[in-house]
2 protein chains.
Amino acid sequence: MPEEIDRPLRRDAQLNRERIVEAAREVFATRGLAATLDDVATHAGVGIGTVYRRFPTKEQLLEVAFEERLEQHAREIEAALRKPTGWDGLVSFLTRAAELHATDRGVRDIALGADLDARYFEIIRQRIYPLVEAIIDRAHAEGSLRADVTAGDVPLLLMMVSEVAHHSQAVRPEIFHRYLRLLIDGLRGDSDLGPPLTRPEVDALTRDWLPSGKPQR
Amino acid sequence: MPEEIDRPLRRDAQLNRERIVEAAREVFATRGLAATLDDVATHAGVGIGTVYRRFPTKEQLLEVAFEERLEQHAREIEAALRKPTGWDGLVSFLTRAAELHATDRGVRDIALGADLDARYFEIIRQRIYPLVEAIIDRAHAEGSLRADVTAGDVPLLLMMVSEVAHHSQAVRPEIFHRYLRLLIDGLRGDSDLGPPLTRPEVDALTRDWLPSGKPQR
DNA sequence: TCACAAGTGGAGGACACTCCTCAACTTCGG
DNA sequence: CCGAAGTTGAGGAGTGTCCTCCACTTGTGA
């Protein structure tokens with residue numbers, strides 16, 4: 001019986017593994033999930049083969065590279081729920097999320113729904129969705145958020161803002177705040193928005209929006 | 001001397017030419033300027049060689065295919081300038097532009113600045129820019145538009161909205177109106193937007209945003 | 001009618017990019 | 001010091017784009 005023992009890695013191998021994970025964080029942050037494992041290997045200064053040996057699929061690497069980061073994201077959203085008013089909570093959540101997505105394309109791709117099939121991503125999102133809903137509900141309850149905005153609008157709003165952030169990186173990295181502000185101001189408005197997107201619609205749209213996240217295998 | 005006479009096309013060649021232009025309109029409308037001449041040829045039911053013989057560069061084809069359409073776009077903007085109030089003009093301009101960009105990705109790519117080097121596109125934009133400025137100025141003058149929004153914001157707003165339009169095509173083609181509405185509501189707001197983008201910044205950003213429009217040659 | 005200029009088609013070369021394997025080689029550590 | 005563990009990156013296979021070229025077809029004017 002060829003026991004599949006998890007023997008500890010040799011010292012040099014362990015070092016390489018860490019280098020790979022670190023490189024992955026950087027590369028995915030700047031290029032999004034579309035970055036190739038070749039990119040990561042080059043950035044880490046190891047051969048491509050080494051990356052494939054350690055992480056046979058992109059998803060496995062993403063999981064290790066993004067675990068902490070996403071965990072912290074979730075905690076920040078929880079913190080927004082504890083803001084004095086619902087409106088403050090909503091604004092600080094949106095701002096924080098936009099900042100995060102602007103800084104780290106990888107987090108954006110995962111949080112906003114790239115590759116909706118990947119098990120790991122799905123788990124993360126299962127944790128985040130209810131928090132977002134709570135934030136929206138709270139703002140609705142206190143009457144500060146227009147009634148016709150739903151939790152399903154959040155991915156769209158963040159998508160729009162992070163698109164601006166992404167494309168303005170080289171020119172004016174912080175300009176996305178301007179357009180986020182404009183949208184936030186709009187959230188107080190009172191014109192007729194028509195029927196909102198349903199959850200499945202949001203998912204379909206998201207899937208289409210983020211081709212950056214179509215890992216192989 | 002090999003006179004380069006413009007002899008009239010043979011009857012069949014003329015027909016093919018028209019087919020190609022018509023196919024180009026359809027293909028570029030749905031796929032944006034990223035569509036290949038091969039796509040156009042297939043769609044037109046002619047060989048690739050025929051397309052290249054008639055239109056050696058993509059730009060030449062675009063010029064013929066989009067001339068009318070862009071001309072009409074410009075006229076619609078002029079019409080918005082004649083609306084009773086500056087605000088009406090602004091809203092109807094934004095709405096019309098968003099609708100147009102949602103329907104025709106090609107027009108969007110050209111109007112918003114894809115391939116800023118191409119001479120032909122540049123001429124079109126030279127005509128449109130002042131009109132947009134006039135619309136913004138008029139709304140500013142009557143005080144209905146917040147003072148810190150500039151003409152440079154217009155491409156960004158339209159970019160955001162048309163991104164939504166593009167990615168929601170299959171799901172809810174008209175949902176972009178919702179997010180346009182949200183942004184328009186924000187245009188009445190009064191929070192601090194910070195320093196706006198300058199024209200060169202808008203150009204750089206646009207160039208980066210529309211990879212769909214990097215014609216070859 | 002028919003010769004020949006005009007026009008056509010699309011296989012295929014050239015290039016770019018991605019994913020991933022594997023066999024020859026290097027290094028660690030008992 | 002030697003064998004297992006680890007590394008490497010060229011290269012095969014796949015996808016996709018741009019564009020040329022030439023054998024073939026078709027329209028038309030004499």
Side-chain angles (χ1 to χ4, degrees), chain A residues 2-24 27-28 30-62 109 114-115 118 210-217, chain B residues 2-24 27-28 30-62 109 114-115 118 210-217:
Chain A
E3 288 281 318
E4 257 299 342
I5 300 276
D6 252 358
R7 73 181 70 254
L9 291 177
R10 232 167 63 178
R11 190 132 30 88
D12 56 338
Q14 180 58 37
L15 180 64
N16 274 341
R17 202 192 114 104
E18 276 154 26
R19 271 193 195 140
I20 291 168
V21 172
E22 192 44 46
V27 169
F28 288 128
T30 57
R31 305 242 246 280
L33 298 200
T36 68
L37 292 194
D38 293 49
D39 284 341
V40 174
T42 308
H43 203 80
V46 304
I48 313 139
T50 306
V51 174
Y52 277 97
R53 155 175 272 262
R54 216 48 75 201
F55 304 96
T57 71
K58 200 193 245 183
E59 207 191 316
Q60 282 171 54
L61 176 54
L62 289 172
D109 288 353
D115 199 24
L210 299 170
S212 25
K214 282 181 185 156
Q216 51 292 13
R217 273 233 174 168
Chain B
E3 288 282 318
E4 259 297 344
I5 299 276
D6 252 0
R7 74 181 71 253
L9 291 177
R10 230 167 63 177
R11 192 141 18 95
D12 56 339
Q14 179 58 35
L15 179 65
N16 275 340
R17 201 192 115 105
E18 275 154 27
R19 272 194 193 137
I20 290 168
V21 171
E22 192 44 46
V27 170
F28 289 126
T30 58
R31 304 243 246 282
L33 298 200
T36 68
L37 292 195
D38 293 49
D39 284 340
V40 174
T42 308
H43 204 81
V46 305
I48 312 138
T50 305
V51 174
Y52 278 97
R53 155 175 272 261
R54 214 48 75 202
F55 303 97
T57 72
K58 201 194 245 184
E59 206 191 317
Q60 282 171 54
L61 176 53
L62 289 172
D109 288 353
D115 197 25
L210 299 171
S212 29
K214 283 182 183 153
Q216 52 291 8
R217 273 237 175 161

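Bear in mind that the values here come from a model prediction, so they are computed numbers and not experimental data. Sequence lines set the chain letters: A, B, ... in the order given, protein chains first and strands last, and positions in each chain run from 1.
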Chemist: Does F28(B) reach the side chain of V40(B), with side-chain heavy atoms less than 4.5 Å apart?
Modeler: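 A side-chain contact under 4.5 Å exists here.
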Chemist: Describe the nucleic acid contact of R17(A) in one word from base, sugar-phosphate, nothing, applying a heavy-atom distance below 4.0 Å.
Modeler: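 Nothing, no heavy atom under 4.0 Å.
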Chemist: So do R19(A) and N16(A) actually touch side chain to side chain, heavy atoms under 4.5 Å?
Modeler: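 In short, these two side chains touch, coming nearer than 4.5 Å.
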Chemist: When the distance from CD1 of I48(B) to P of dG12(C) is rounded to whole Å, what number comes out?
Modeler: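 One finds 12 Å between P of dG12(C) and CD1 of I48(B), rounded.
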Chemist: Could you tell me the separation between the CD1 atom of I20(B) and the P atom of dG10(C), rounded to a whole number of Å?
Modeler: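 After rounding, the gap between these two atoms is 13 Å.
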Chemist: Remember a base hit wins even if backbone is also touched, and classify R11(B) as base, sugar-phosphate or nothing at under 4.0 Å, heavy atoms.
Modeler: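 Sugar-phosphate: the residue R11(B), judged by heavy atoms under 4.0 Å, touches backbone atoms but no base.
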Chemist: Please state how far atom CD in Q14(A) lies from atom C1' in dG29(C), giving the value in whole angstrom units.
Modeler: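 From Q14(A) CD to dG29(C) C1': 16 Å.
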Chemist: Write down the distance between CZ (F55(B)) and P (dG7(C)), rounded to a whole number of angstrom.
Modeler: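 Rounded to whole Å, this separation is 13 Å.
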Chemist: Please determine if a side-chain N or O atom of N16(A) lies less than 4.0 Å away from the OP1 or OP2 oxygen of dT7(D).
Modeler: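 Answer is yes, contact under 4.0 Å.
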Chemist: Respond yes when some side-chain nitrogen or oxygen of T50(A) is under 4.0 Å from OP1 or OP2 of dT8(D), and no when none is.
Modeler: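 Indeed, a polar side-chain atom of T50(A) lies that close.
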Chemist: Would you say the side chain of R10(B) and the base of dT28(D) hold a donor-acceptor pair, judged only by whether the two atoms sit under 3.5 Å apart?
Modeler: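 Side chain to base: no pair below 3.5 Å.
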Chemist: State, with a plain yes or no, whether a side-chain heavy atom of F55(A) is found less than 4.5 Å away from one of V21(A).
Modeler: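 They are in contact (side-chain heavy atoms under 4.5 Å apart), so the answer is yes.
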Chemist: Side chain of R53(B) only, please: which of dT8(C), dG9(C), dA5(D) is the nearest?
Modeler: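 Output: dT8(C).
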Chemist: Would you mind classifying the nucleic acid contact of D38(B) as base, sugar-phosphate or nothing, using non-hydrogen atoms under 4.0 angstrom?
Modeler: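 It contacts base atoms.
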Chemist: Take the protein atom CG of L15(A) and the nucleotide atom P of dT7(D), then report the distance between them rounded to whole Å.
Modeler: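 Distance check: L15(A) CG to dT7(D) P gives 9 Å.
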Chemist: In whole Å, what is the span from the CG atom of D12(A) to the P atom of dA4(D)?
Modeler: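 Atom-to-atom, D12(A) to dA4(D), this comes out as 17 Å.
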Chemist: Would you indicate whether the side-chain heavy atoms of L15(B) and D12(B) approach each other to under 4.5 Å?
Modeler: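 Sidechains of L15(B) and D12(B): no contact.
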Chemist: Rounded to the nearest Å, what distance is computed from the CZ atom of residue R54(A) to the P atom of nucleotide dA5(D)?
Modeler: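 In whole Å, dA5(D) P and R54(A) CZ are 12 Å from each other.
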Chemist: Side-chain contact test, heavy atoms from C-beta onward, threshold under 4.5 Å: evaluate it for V51(B) versus V46(B) and give yes or no.
Modeler: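 When only atoms from C-beta onward are counted, V46(B) and V51(B) do touch, with a gap below 4.5 Å.
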Chemist: Take L9(B) and G49(B), find for each the nucleotide of DNA chain C with the closest heavy atom, and name the residue whose nucleotide sits nearer the 5' end.
Modeler: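 Looking at DNA chain C, the more 5' nearest nucleotide goes with L9(B).
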Chemist: Once you round it to whole Å, what is the distance between P of dC19(D) and OH of Y52(B)?
Modeler: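 In whole Å, dC19(D) P lies 4 Å from Y52(B) OH.
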